[in-house]
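Let me begin by presenting the structure, written as structure tokens, before commenting on it.
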4 protein chains.
Amino acid sequence: MKQRAIADEDKQARRDSLLAAARSLYLEDTRQLPAVSRIAEAAGLAKGTVYLYFQTKEEIFTALLDQEFSALLDRLTEHFLTASGTPWERVNLFLEFYAKYLQEHPEFLRLAAMANSVLEQNLAQDHVYNFKLQLAQRLERTGNALESALSVLETGSGARLMVRTYALTLGLWQLLDYPDAMREVMMRPALRLLAPDFATELTSALKQFWRGVLADQ
Amino acid sequence: MKQRAIADEDKQARRDSLLAAARSLYLEDTRQLPAVSRIAEAAGLAKGTVYLYFQTKEEIFTALLDQEFSALLDRLTEHFLTASGTPWERVNLFLEFYAKYLQEHPEFLRLAAMANSVLEQNLAQDHVYNFKLQLAQRLERTGNALESALSVLETGSGARLMVRTYALTLGLWQLLDYPDAMREVMMRPALRLLAPDFATELTSALKQFWRGVLADQ
Amino acid sequence: MKQRAIADEDKQARRDSLLAAARSLYLEDTRQLPAVSRIAEAAGLAKGTVYLYFQTKEEIFTALLDQEFSALLDRLTEHFLTASGTPWERVNLFLEFYAKYLQEHPEFLRLAAMANSVLEQNLAQDHVYNFKLQLAQRLERTGNALESALSVLETGSGARLMVRTYALTLGLWQLLDYPDAMREVMMRPALRLLAPDFATELTSALKQFWRGVLADQ
Amino acid sequence: MKQRAIADEDKQARRDSLLAAARSLYLEDTRQLPAVSRIAEAAGLAKGTVYLYFQTKEEIFTALLDQEFSALLDRLTEHFLTASGTPWERVNLFLEFYAKYLQEHPEFLRLAAMANSVLEQNLAQDHVYNFKLQLAQRLERTGNALESALSVLETGSGARLMVRTYALTLGLWQLLDYPDAMREVMMRPALRLLAPDFATELTSALKQFWRGVLADQ
DNA sequence: AATGAATGAGCATTCATTCAT
DNA sequence: CATGAATGAATGCTCATTCAT
């Protein structure tokens, strides 16, 4: 890396390396946001430098969330553009694609699960607004693609279905996830209900939901 | 209140007054758990006394969550015992009852939403196990009642449906809830997708889900 | 010292030892207030303990100033009670006593000189009010004693004369004082005007002022 | 302003614009020196550029003080050159002129009051020496003019009288000044002693002092 | 049982100054 | 000359928990 990031692309690279460091440290221990000093250190920069790229520590993590949501929703939008078959077949393809994405990006939900706590903390209203605006716009776009893909949905309902699909995903994750250190305890038979295989459970739940959605139309 | 709680019932009263204080303070500002000193003060006790009744601050809040889940699930179980009509009618009655409960207990979801952050923090494995065990058992019980009530469900699937129903509820809440201070910002049309009326949205989503569930059988 | 200060007198002792530590560290280097951690350490206490006795760091130093002003003004009040001779003789005795006090308490002005910067910083209005109220009341008391001692002053003018006397003292100190490290530089003849012997200069200036005061009556 | 200040006069212009920015920002809030970045920004320059014109931040403010003292003392010197009447009449004219100057330049004392804290901080000995030297020389010059004007003063006592006059002024200012936010509190009757009208109090005090001075001769 | 005094780890943020460009 | 990216020292305060009384 250059000593000083002067060109815009170099600045973006610096910013990205901070985000990468933050992500990696957070995933090491999701119980709390890593200290800014550790993020800086991991990125090979000084603590003060972090504040040249982000206003507050929390902004780092909303930027991270933004990346995550963007990546997922863009992929889903692309996916919808190439869908074919009967509506139910297309839904199945979508859910498979979605589940596969989550499986291949196991960090997605671990990061997404922090959204609520972060968004309530130390962030200017405007910043939260912008974050939510981005998310809403991406959901609308993906929702539109979904409507086109399925053709049987009411106009305007696509985005709402995306919200509900994601809500079910997030809720299940929060209920079923547990720290690594609890693995042994969670294996006890009495907790079977709260520790099934997440991917299986998610797919099954989403299929039920979407069956209901299609039945609705 | 007595000076010293010697009898078991006096102890329980002390414990309850601490829980009530903690609940009330937390609901004043859900951005973070209130300080132990404030809880003690609100309960009219000394700081050290709190630790005679709870091992850590987090235990206070898991106890609170326990109360909440217990109250909700017991009510649902009761409800199922008196259900009648076709399965779909019974589901509708259940969802109405459920939505009404949440509306009449607006603190439920605000408290429930902290479960994840609290359960990951500063609690002995055993304690978490016991908390989850309680929850699982209550869900099983309610799930069984649900199975009886609907009669069309596969044996053993009731509890899982309760989990999914609650997951969808929790996920929607997390996505759609926002601090009071953000109210104005959330009203802007561009955020309409992320700020619908929660009760309406929840009911609609759950109906879709349950339509799918019944179609599955 | 006891391990825990439970009795009021033990608490007062703790408080005093913190004040003593703060005073001593400040006098070591008057360029800035010492860090709270250093004060605690010097007093043999933990950092957090400081905050059991003072709300903010600045409060420590207003308490110190309070002690200083109290000591000086009480001594002056006492002094006035025993004055005798013609008014001008009594003024001379007073000024000698005052100058001697300042000479014997070389830390007084070094501490007093920080008043302004401290009072503007991080203190609740109420706290500043109370500090100023104390000071005003002590000045009134001393002013009254002064009026009695001189007998030629207009009623009510004593306190104002104390204020002006102290103002001249403080102003001279600020103009003429310099850090130890500057001693050599300050000896250069070109700076003679700004580096006379402080006590001599002060006495001379105050005599002029008081000659004018008596001439006024 | 030119892009680059190459000619000396352009450099001086840059320097002056920095001083103007610093003055204006400091007067906005006298509780602390403004940040260098803000000064640079207000002057329309980059942060680093500041350090081409001043070695340290404190130098900016000593330069400002230099300007202030220079302006005041030059005006006083001029004034003395045109004095007429009896000595006491001339003193009265001088004090009126002085008080009027301070009233018309309300920023003077707010700036002057920072001298002590700034001069103790982060400045090379040489720099402090030069600053004090300037001040001493100006005081001597003004003192000489004063001696000529009054004709009854001992040779060499003029500058000392200027020092004492300024000391009384500064001391009173420090005792009686308070931040705007304290205005309401300072109006309470119990603080009347510490919050009289400054100009009135100053004039009265200086008249007493100068009456003593003339009586001395 | 109850108290509350004592502890001390933990951390975001600011900002004067430097120096590569 | 001018810029502005990078640095990193410096610190007040909170608060869960302990334990002497």
Side-chain angles (χ1 to χ4, degrees), chain A residues 2-7 10-11 14 32-41 44-58 122, chain B residues 2-6 10-11 14 32-41 45-58 60 121-122, chain C residues 2-7 10-11 14 32-41 44-58 122, chain D residues 2-6 10-11 14 32-41 45-58 60 121-122:
Chain A
K2 293 230 183 66
Q3 199 166 82
R4 291 188 182 203
I6 297 192
D10 293 335
K11 286 187 189 173
R14 278 265 196 287
Q32 59 193 302
L33 301 188
V36 171
S37 61
R38 297 191 62 220
I39 297 174
E41 189 185 28
L45 294 169
K47 205 177 350 174
T49 308
V50 175
Y51 288 88
L52 298 178
Y53 294 88
F54 301 94
Q55 305 277 336
T56 69
K57 173 171 137 163
E58 281 73 20
N122 198 20
Chain B
K2 296 231 182 66
Q3 270 257 272
R4 285 176 177 231
I6 303 202
D10 294 335
K11 287 190 189 172
R14 279 254 200 291
Q32 59 195 302
L33 301 188
V36 171
S37 60
R38 297 191 64 220
I39 297 174
E41 188 187 27
L45 295 170
K47 203 168 10 162
T49 309
V50 174
Y51 287 86
L52 298 176
Y53 293 89
F54 300 94
Q55 302 281 330
T56 71
K57 172 170 140 164
E58 281 72 18
I60 303 175
Q121 223 123 23
N122 200 17
Chain C
K2 294 229 183 68
Q3 198 166 80
R4 291 188 181 200
I6 298 192
D10 293 334
K11 285 187 190 172
R14 276 267 197 287
Q32 59 193 304
L33 301 187
V36 171
S37 61
R38 296 191 64 220
I39 297 174
E41 189 185 29
L45 294 170
K47 203 182 345 177
T49 308
V50 174
Y51 289 88
L52 297 178
Y53 293 90
F54 300 95
Q55 304 278 336
T56 70
K57 174 170 137 162
E58 281 73 19
N122 199 21
Chain D
K2 297 231 181 65
Q3 269 259 269
R4 286 176 176 230
I6 302 200
D10 293 336
K11 286 189 190 175
R14 279 255 199 292
Q32 59 195 303
L33 301 187
V36 171
S37 61
R38 295 190 66 219
I39 297 174
E41 188 187 28
L45 294 171
K47 202 167 12 160
T49 309
V50 175
Y51 288 87
L52 298 176
Y53 293 89
F54 301 95
Q55 303 282 328
T56 70
K57 172 171 141 164
E58 280 74 17
I60 304 175
Q121 223 122 23
N122 201 17

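Predicted, not measured: the structure shown is a model, and the values here were computed from it. Just so it is clear: chains get the letters A, B, ... in the order the sequence lines come, proteins before strands, and each one is counted from 1.
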When you measure from every atom of DNA chain E, which of residues 49-58 of chain C have a heavy atom less than 4.0 Å away? C:Thr49, C:Leu52, C:Tyr53
CG of D:Asn122 versus P of F:dA9: gap in Å, rounded? 17 Å
Under 3.5 Å, sequence neighbours excluded: what are the donor-acceptor pairs made by side chains of residues 50-57 of chain D?
residue, atom, partner, partner atom, Å
D:Thr56, OG1, D:Glu58, N, 3.3
D:Thr56, OG1, D:Glu59, N, 3.3
D:Lys57, NZ, D:Pro34, O, 3.0

What integer distance in Å separates B:Lys47:NZ from E:dT7:P? 13 Å
Rounded distance (Å) that lies between atom C1' of F:dT17 and atom CD of B:Gln121: 16 Å
Rounded to the Å, how far apart are A:Gln3 CD and E:dC19 C1'? 8 Å
Looking only at heavy atoms, what is the nearest atom pair of A:Ala5 and A:Arg14, with distance? CB-CG, 3.7 Å
Between atom CG of A:Asp10 and atom CD of A:Gln3, what is the distance when rounded to the nearest 0.5 Å? 12.5 Å
Can you tell me if C:Lys11 touches the phosphate of E:dA5, counting only side-chain N or O atoms and a distance under 4.0 Å to OP1 or OP2? yes
Name all residues meeting the side-chain contact (heavy atoms from CB on, under 4.5 Å) criterion together with D:Ala35; count only those two or more places apart in sequence or in a different chain, and write none if there are none. D:Ser37, D:Arg38
First encountered from the 5' end of DNA chain F, between A:Ile6 and C:Leu33: A:Ile6
Comparing A:Ala5 with C:Ser37, nearest DNA chain F nucleotide closer to 5' gives the residue A:Ala5
Where do B:Val36 and B:Lys47 come nearest, in terms of heavy atoms and distance? CG1-CG, 4.1 Å
Could you state the atom-to-atom distance from CG of C:Asp10 to P of F:dT21 in whole Å? 11 Å
Short side-chain N/O contact to E:dT3 OP1/OP2 from B:Arg4, under 4.0 Å: no
Measure CD1/B:Ile60 against P/F:dC15 and give the value in whole Å, please. 14 Å
Once Watson-Crick and G-U wobble pairs under 3.5 Å are found, how is DNA chain E written in dot-bracket notation, 5' to 3', with | for any base paired to another strand? .||||||||||||||||||||
May I ask you to evaluate whether A:Arg38 reaches the phosphate of E:dC11, defined as a side-chain N or O under 4.0 Å from OP1 or OP2? no
By nearest-heavy-atom nucleotide on DNA chain E, the more 5' of B:Gly48 and D:Gln32 is B:Gly48
